[in-house]
Trainee: 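Sharing a structure here in structure tokens format.
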Amino acid sequence: MASSKQRVRFAPSPTGYLHIGGARTALFNWLYARKTGGTFILRIEDTDQARSTDESLRAILESMKWLGLDWDEGPEVGGPNGPYKQTERLALYKEFADRMVREGTAYRCYATKEELDTLRKEAEARKQQFFYPHLWRDKTEKDWPADRPYVIRFKTPLSGETTFHDEVFGPITTPHNQIQDFILLRSDGIPLYNFGAVVDDITMGITLVARGRDHIINTAPQVLLYKALGYQLPRIAHLPMMLAPDGKKLSKREGRKYGIPISVTRFHDDDGPLDGYREMGVTPDALLCYLIRFGWSHGDQEEFTRQEMIDLFDFSGASKADGKFDIKKCTAISLKMLKEEKYTPTDEYLRRLGPFLEARGMTPRDDAWMRRALATYRERAQTLVQCAEGFEVYLKPLAALDPALVQKFLTVEKAGWLPQLRDALAAVDPFTRDEIGKAMPAFAEAKALAMKDIGQPTRVALTGKTATPGLDDVMEVLGKAETLARLDQAAALLR
RNA sequence: GGCCCCAUCGUCUAGCGGUUAGGACAUCGGCCUCUCACGCCGGUAACACGGGUUCGAUUCCCGUUGGGGUCGCCA
């Protein structure tokens, strides 16, 4: 391991929401920085001006904050290597590009996009692979036409190959004849991805680049750029892809098809609002827990606190094979994380639950009551949404009972004892789970009934539902007055 | 199609030459039980195929097949 301070970055382009795969990339970089005591940089690659939007940038920052992946340098926090948006660094790219032209490792190309598109189409028609013909490669300054736009292209070596060592995949070799004379700087002075990323990684002192496997193809050109510029290569790590259950790219369409959120937080685009993991009701720690086990492992461990992730993380634990997203596993992890105080302290649980209650028209009550009520759902709610739905039993007035349920459970024949149960419960004091838990079986026994005979009718009378936490819990949370009132209401329906 | 990469239960994965191939999710039984969950017990379920190397291959090498990535003045 390098002795100097590690510097890593996450470099999204603000052309949409923060994709779940991007979140995984961000997590791995963040973990590496935190583990090594290094610096985590957030850099905005907004060079695609046609697609970049401020709304997208806001959404990405919001998602990063929600995940708790804080950055040491970048938007809002600044830093010594700014600015951190590429469109604010154009002079830098020009300086590097001009230098390369001067040194002969790059050249001006005056071929127009139209011209090249035509050639591309022709090659396509001949079923041949298009390859940039070295139109301007060997021209010199005296050949440059005046007043015509040009791009700057890299002068890729004509033969040989480039090999780099990937921390995850090992050595990867690319023959140079597969690398075109790619464009560094567009005619409008804006850099293309490979060039912008390299110049920034160099000037920001990045020591390790970790990104998705779809970038492996970009690495050889970037290595060539480092060499041409005379800088030392950072360490490089690629992560396997996160795919949809059918092995396709995890797109918005695929996500909908399998009920998988693909955005970290809610995002509005042309098709309307798109809910994310936050809206689905998983906690950031639970999501991170699912993500870290995707393409990485530490033996059989499935649950991690944030600190454990930091302590245990290492690129040697990464795997090479692509994976398919499994939403059921994700919610299963969510349940485990939500259930345990160690992973989700009660205070945090309630704080996160609040907005979900309010979204359903409920108002949280006092802290002690909320804690008591939460205890009845902690072991059964996979998500905060499910928990909030459960709270409707407690916080919403009981709606008119479903006639089908009344027919099934609340007839004189099946629940004629209801008024007497009500009276028996009225005598319970204190009205606690334990006392109720004794009174109910005692009542059943006195009536020569089994608990299972009185359970469901009572449950329906109390909650209008057939599945809820235990009756003793429900009654205690509801309180004696509300419990009796609801039973009275149901008893009136008996016929 | 060219080039690059990958390959253990349905899914995420453990394994780093010798294991009854383990765990988790899912699934199927059972227990618990007032319902639904949780929890507990148990079952089904994988080394893609073919060659090597080796006393011995899931593990190392080659090939085949399958999958993915990429071939833009997108990132």
Side-chain angles (χ1 to χ4, degrees), chain A residues 11-15 45-48 50-52 109 111-113 116-117 120 127-132 149-153 161 166 168-170 172-175 177-180 182-188 190-194 196-197 211-220 238 240-241 243 245 247-249 290 293-303 319-333 335-336 339 376-382 386 390 409 437 440-441 444 450-460 463 465-472 474:
Chain A
S13 64
T15 54
E45 307 210 328
D46 59 345
T47 54
D48 185 345
R51 293 195 301 144
S52 292
C109 170
T112 63
K113 186 160 192 327
L116 293 173
D117 282 346
R120 209 186 312 272
K127 296 199 165 184
Q128 284 181 340
Q129 187 180 186
F130 174 75
F131 215 82
Y132 170 73
Y150 60 88
V151 300
I152 293 179
R153 286 183 184 271
E161 57 187 31
D166 192 288
V168 176
F169 288 89
I172 294 179
T173 300
T174 306
N177 64 16
Q178 290 297 315
I179 305 174
Q180 311 229 14
F182 55 94
I183 294 175
L184 269 25
L185 223 49
R186 301 198 301 207
S187 43
D188 59 5
I190 293 177
L192 248 54
Y193 172 71
N194 279 139
R211 73 245 283 199
R213 205 205 70 203
D214 47 336
H215 284 294
I216 277 189
I217 197 81
N218 288 318
T219 309
H238 287 95
M241 306 279 285
L243 306 169
K248 302 289 180 215
K249 200 184 251 166
Y290 178 75
R293 277 283 304 190
F294 202 105
W296 182 88
S297 64
H298 179 259
D300 285 333
Q301 189 166 345
E302 302 261 359
E303 291 146 47
S319 59
K320 304 182 200 182
D322 292 343
K324 296 170 185 168
F325 198 98
D326 183 352
I327 191 66
K328 283 188 172 167
K329 177 108 186 185
C330 185
T331 49
I333 292 285
L335 170 68
K336 291 189 182 196
K339 211 168 64 169
T376 69
Y377 274 107
R378 260 205 116 132
E379 302 224 319
R380 29 176 45 86
Q382 286 183 308
Q386 284 180 13
F409 296 107
M440 293 282 291
M451 263 309 284
K452 69 175 190 299
D453 295 324
I454 67 171
Q456 283 303 69
T458 306
R459 170 168 287 105
V460 169
T463 68
K465 295 175 190 282
T466 53
T468 73
L471 288 173
D472 44 2
V474 170

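Every chain is numbered from 1 and lettered A, B, ... according to where its sequence line falls, protein lines coming before strand lines. As the structure is a prediction and not an experimental result, all values here were calculated from the model.
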Trainee: Evaluate the side-chain contact (heavy atoms from CB on, under 4.5 Å) criterion for residues T219(A) and R211(A): first the C-alpha distance (whole Å), next the side-chain angles of each, then the deciding distance (0.1 Å), finally the verdict.
Mentor: CA-CA 11 Å; T219(A) 309; R211(A) 73 245 283 199; 3.2 Å; yes
Trainee: Both distances under 3.5 Å, Watson-Crick or G-U wobble: report the partner of A14(B), or none.
Mentor: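 Answer to the pairing question: none, since A14(B) forms no Watson-Crick or G-U pair.
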Trainee: What residues form a ring-ring contact (aromatic ring centres under 6.0 Å, His included) with Y132(A), not counting sequence neighbours?
Mentor: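 For Y132(A), no residue satisfies ring-ring contact (aromatic ring centres under 6.0 Å, His included) once neighbours in sequence are set aside.
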Trainee: Any salt bridge between E302(A) and K329(A), counting N to O under 4.0 Å?
Mentor: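 A salt bridge is present here (some side-chain N lies under 4.0 Å from a carboxylate O).
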Trainee: Could you measure between the two P atoms, the one in A26(B) and the one in C34(B), and give it in whole Å?
Mentor: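 To the nearest whole Å, 25 Å.
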Trainee: Tell me what N218(A) touches on the nucleic acid: a base, only sugar-phosphate, or nothing, going by heavy atoms under 4.0 Å.
Mentor: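 It contacts base atoms.
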Trainee: Output one letter per nucleotide in nucleotides 29-45 of chain B: B when a protein non-hydrogen atom lies under 4.0 Å from the base, S when only the sugar-phosphate is that close, - when neither is.
Mentor: -----BBBBSS------
Trainee: For R213(A) and A7(B), give me the distance from atom CZ to atom C1', rounded to whole Å.
Mentor: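 It works out to 12 Å between those atoms.
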Trainee: I need the NZ-P distance between K324(A) and A7(B), as an integer number of Å.
Mentor: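 The answer, rounded to whole Å, is 14 Å.
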Trainee: Does a side-chain N or O of K329(A) approach OP1 or OP2 of U11(B) to a distance below 4.0 Å, or not?
Mentor: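 No, K329(A) has no side-chain N/O under 4.0 Å of OP1/OP2 on U11(B).
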Trainee: With a 3.5 Å limit on both atom pairs, tell me what A57(B) is paired to, counting Watson-Crick and G-U wobble, or say none.
Mentor: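 Per the H-bond distance test, none.
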Trainee: In this structure, how many angstroms lie between the P atom of C25(B) and the CG atom of D326(A), rounded?
Mentor: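 Atom CG in D326(A) sits about 11 Å away from atom P in C25(B).
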Trainee: Select one nucleotide: of G2(B), U70(B), G23(B), the one nearest the side-chain heavy atoms of I217(A).
Mentor: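 When the side chain of I217(A) is considered, U70(B) is the closest of G2(B), U70(B), G23(B).
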Trainee: C73(B) C1' sits how many Å from N194(A) CG, rounded?
Mentor: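 For the pair N194(A) CG and C73(B) C1', the rounded distance is 13 Å.
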Trainee: Using Watson-Crick or G-U wobble geometry with both distances under 3.5 Å, which nucleotide pairs with C9(B)?
Mentor: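 Because no pair has both required distances under 3.5 Å, C9(B) counts as unpaired.
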Trainee: Kindly point out which of G23(B), U70(B), C5(B) is positioned nearest to the side chain of I172(A)?
Mentor: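 Minimum distance to the I172(A) side chain belongs to C5(B).
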Trainee: Any salt bridge between K339(A) and E379(A), counting N to O under 4.0 Å?
Mentor: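 Salt bridge flag = no for E379(A) with K339(A).
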Trainee: Output all residues satisfying side chain to side chain contact (heavy atoms under 4.5 Å, CB included) with I454(A), sequence neighbours left out; order by chain, then residue number.
Mentor: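 Once residues adjacent in sequence are excluded, the partners of I454(A) under the side chain to side chain contact (heavy atoms under 4.5 Å, CB included) criterion are W417(A), M440(A), F443(A), A444(A), L449(A), M451(A), T458(A).
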Trainee: Do D322(A) side-chain and A7(B) base share a donor-acceptor contact under 3.5 Å?
Mentor: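 Answer no: no donor N or O sits under 3.5 Å from an acceptor.
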Trainee: From CZ of F294(A) over to P of U11(B), roughly how many Å is that when rounded to an integer?
Mentor: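 Spelled out: CZ on F294(A) to P on U11(B) is 11 Å.
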Trainee: Restricting both atoms to N or O, compile the protein contacts to nucleotides 63-65 of chain B shorter than 3.5 Å, with distance only.
Mentor:
none

Trainee: CD of Q129(A) versus C1' of C4(B): gap in Å, rounded?
Mentor: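 The answer, rounded to whole Å, is 12 Å.
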Trainee: Please give me the minimum heavy-atom distance between H238(A) and G212(A), naming the atom from each residue.
Mentor: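 Scanning both residues completely, I find the closest heavy atoms to be CD2-O, 3.2 Å.
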Trainee: Of the nucleotides A7(B), G69(B), A75(B), which one has an atom closest to the side chain of D214(A)?
Mentor: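 When the side chain of D214(A) is considered, G69(B) is the closest of A7(B), G69(B), A75(B).
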Trainee: Expressed as a whole number of angstroms, how long is the span from E302(A):CD to A26(B):C1'?
Mentor: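 In whole Å, A26(B) C1' lies 13 Å from E302(A) CD.
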Trainee: Just call it for S187(A): base, sugar-phosphate, or nothing, with non-hydrogen atoms closer than 4.0 Å on any strand.
Mentor: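 Touches a base.
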Trainee: State, with a plain yes or no, whether a side-chain heavy atom of E161(A) is found less than 4.5 Å away from one of T174(A).
Mentor: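 They are not in contact (no side-chain heavy atoms under 4.5 Å apart), so the answer is no.
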Trainee: Would one find a side-chain N or O of R120(A) under 4.0 angstrom from OP1 or OP2 of G72(B)?
Mentor: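 It does, given that an N or O in the side chain of R120(A) lies less than 4.0 Å from OP1 or OP2 of G72(B).
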Trainee: Using atom C1' of each nucleotide, how far apart are A14(B) and G66(B) to the nearest Å?
Mentor: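 Per the computed distance, 24 Å lies between those C1' atoms.
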Trainee: Which nucleotide in the set C73(B), A75(B), C3(B) lies at the smallest distance from any side-chain heavy atom of P175(A)?
Mentor: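 Looking only at side-chain atoms, P175(A) lies closest to C3(B).
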Trainee: I want to verify a distance call: between U13(B), C25(B), C6(B), whose nearest atom is closest to the A332(A) side chain?
Mentor: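 Closest nucleotide to the A332(A) side chain: C25(B).
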Trainee: For R459(A) and G470(A), indicate whether the former's side chain and the latter's backbone hold a donor-acceptor pair under 3.5 Å.
Mentor: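 Not confirmed, R459(A) side chain does not pair with G470(A) backbone.
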Trainee: Output the distance between atom OG1 (T331(A)) and atom CD (Q382(A)), rounded to the nearest 0.5 Å.
Mentor: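 The OG1 atom of T331(A) sits 4.5 Å away from the CD atom of Q382(A).
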Trainee: Given the C1' atoms of C40(B) and G50(B), what is the spacing between them in whole Å?
Mentor: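 About 46 Å, rounded to a whole number of Å.
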Trainee: Roughly, in whole Å, what's the span from CD1 in I183(A) to P in C74(B)?
Mentor: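 My rounded result for the distance is 8 Å.
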Trainee: Of P12(A) and C330(A), whose closest RNA chain B nucleotide lies nearer the 5' terminus?
Mentor: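 Its nearest nucleotide being more 5', the pick is C330(A).
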Trainee: For nucleotides A46(B) and C38(B), find the distance between their P atoms and express it as a whole number of Å.
Mentor: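 A46(B) and C38(B) have their P atoms separated by 26 Å.
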Trainee: Specify the closest pair of heavy atoms between L335(A) and R378(A), including all atoms of both residues, with the distance to one decimal.
Mentor: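 Scanning both residues completely, I find the closest heavy atoms to be CD1-O, 4.4 Å.
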Trainee: Taking U53(B) as the reference, what is the distance to U59(B) when you measure between their P atoms (whole Å, please)?
Mentor: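 Between the two P atoms, the distance is 15 Å.
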Trainee: Would you indicate, yes or no, if C73(B) has its OP1 or OP2 atom less than 4.0 angstrom from a side-chain nitrogen or oxygen of T112(A)?
Mentor: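 False: T112(A) side-chain N/O out of range (4.0 Å or more) of C73(B) OP1/OP2.
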Trainee: Considering Watson-Crick and G-U wobble pairs with both distances under 3.5 Å, what does G2(B) pair with?
Mentor: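 Check on G2(B): paired to U70(B), both distances under 3.5 Å.
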Trainee: If the condition is side chain to side chain contact (heavy atoms under 4.5 Å, CB included), which residues does Y377(A) pass it with, not counting sequence neighbours?
Mentor: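 Side chain to side chain contact (heavy atoms under 4.5 Å, CB included) list for Y377(A), sorted by chain: R380(A), C387(A), F391(A), V393(A), Y394(A), P469(A).
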Trainee: Between G18(B) and U58(B), how many Å separate the two C1' atoms, rounded to a whole number?
Mentor: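 About 12 Å, rounded to a whole number of Å.
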Trainee: Tell whether Q301(A) reaches the base of G23(B) with its side chain through a donor-acceptor pair below 3.5 angstrom.
Mentor: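 For Q301(A), whose side chain was compared with the base of G23(B), there is no donor-acceptor pair (under 3.5 Å).
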Trainee: Side-chain contact, heavy-atom cut-off 4.5 Å: I190(A) with L185(A)?
Mentor: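 Contact flag for I190(A)/L185(A) side chains = no.
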Trainee: Where the side chain of K249(A) is defined as all heavy atoms beyond and including C-beta, which of U13(B), U70(B), C71(B) is the nearest nucleotide?
Mentor: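 Looking only at heavy atoms from C-beta outward on K249(A), the closest nucleotide is U70(B).
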Trainee: Sort out the partner of C31(B) for me: Watson-Crick or G-U wobble, both distances under 3.5 Å, none otherwise.
Mentor: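 G39(B) - that is the nucleotide pairing with C31(B), both distances being under 3.5 Å.
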Trainee: When you get a sec, tell me which of C5(B), A26(B), G69(B) is the closest nucleotide to the side chain of F169(A)?
Mentor: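 Of C5(B), A26(B), G69(B), C5(B) is nearest to the side chain of F169(A).
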Trainee: Of the nucleotides G68(B), A7(B), C4(B), which has the atom closest to the I216(A) side chain?
Mentor: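 Selected nucleotide: C4(B).
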Trainee: For C74(B), take OP1 and OP2 only and decide whether either is under 4.0 Å from a side-chain N or O of R186(A).
Mentor: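 For C74(B), OP1/OP2 do have a side-chain N/O of R186(A) under 4.0 Å.
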Trainee: It should be established whether K248(A) places a side-chain nitrogen or oxygen under 4.0 Å from OP1 or OP2 of nucleotide G68(B).
Mentor: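 Yes.
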Trainee: Using atom P in both nucleotides, what's the gap between A37(B) and G29(B) to the nearest angstrom?
Mentor: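 Result for the P pair: 13 Å, nearest Å.
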Trainee: Using the P atom in both, what is the distance from C61(B) to A7(B), to the nearest Å?
Mentor: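 One P to the other, the span is 11 Å.
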Trainee: Establish whether the base of G22(B) is bridged to the side chain of D300(A) by a donor-acceptor pair shorter than 3.5 Å.
Mentor: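 It does, because a donor-acceptor pair links the side chain of D300(A) to the base of G22(B) below 3.5 Å.
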Trainee: Do F182(A) and Y193(A) make the cut of ring centroids closer than 6.0 angstrom?
Mentor: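 Ring-ring flag for F182(A)/Y193(A): false, centres at least 6.0 Å apart.
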Trainee: State which residues pass side chain to side chain contact (heavy atoms under 4.5 Å, CB included) with L192(A); sequence neighbours excluded, sorted by chain then number.
Mentor: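 So L192(A) forms a side chain to side chain contact (heavy atoms under 4.5 Å, CB included) with I183(A), R186(A).
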Trainee: Regarding T173(A), tell me which of base, sugar-phosphate or nothing describes its non-hydrogen contacts under 4.0 Å with the strands shown.
Mentor: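 Sugar-phosphate, backbone atoms only, no base.
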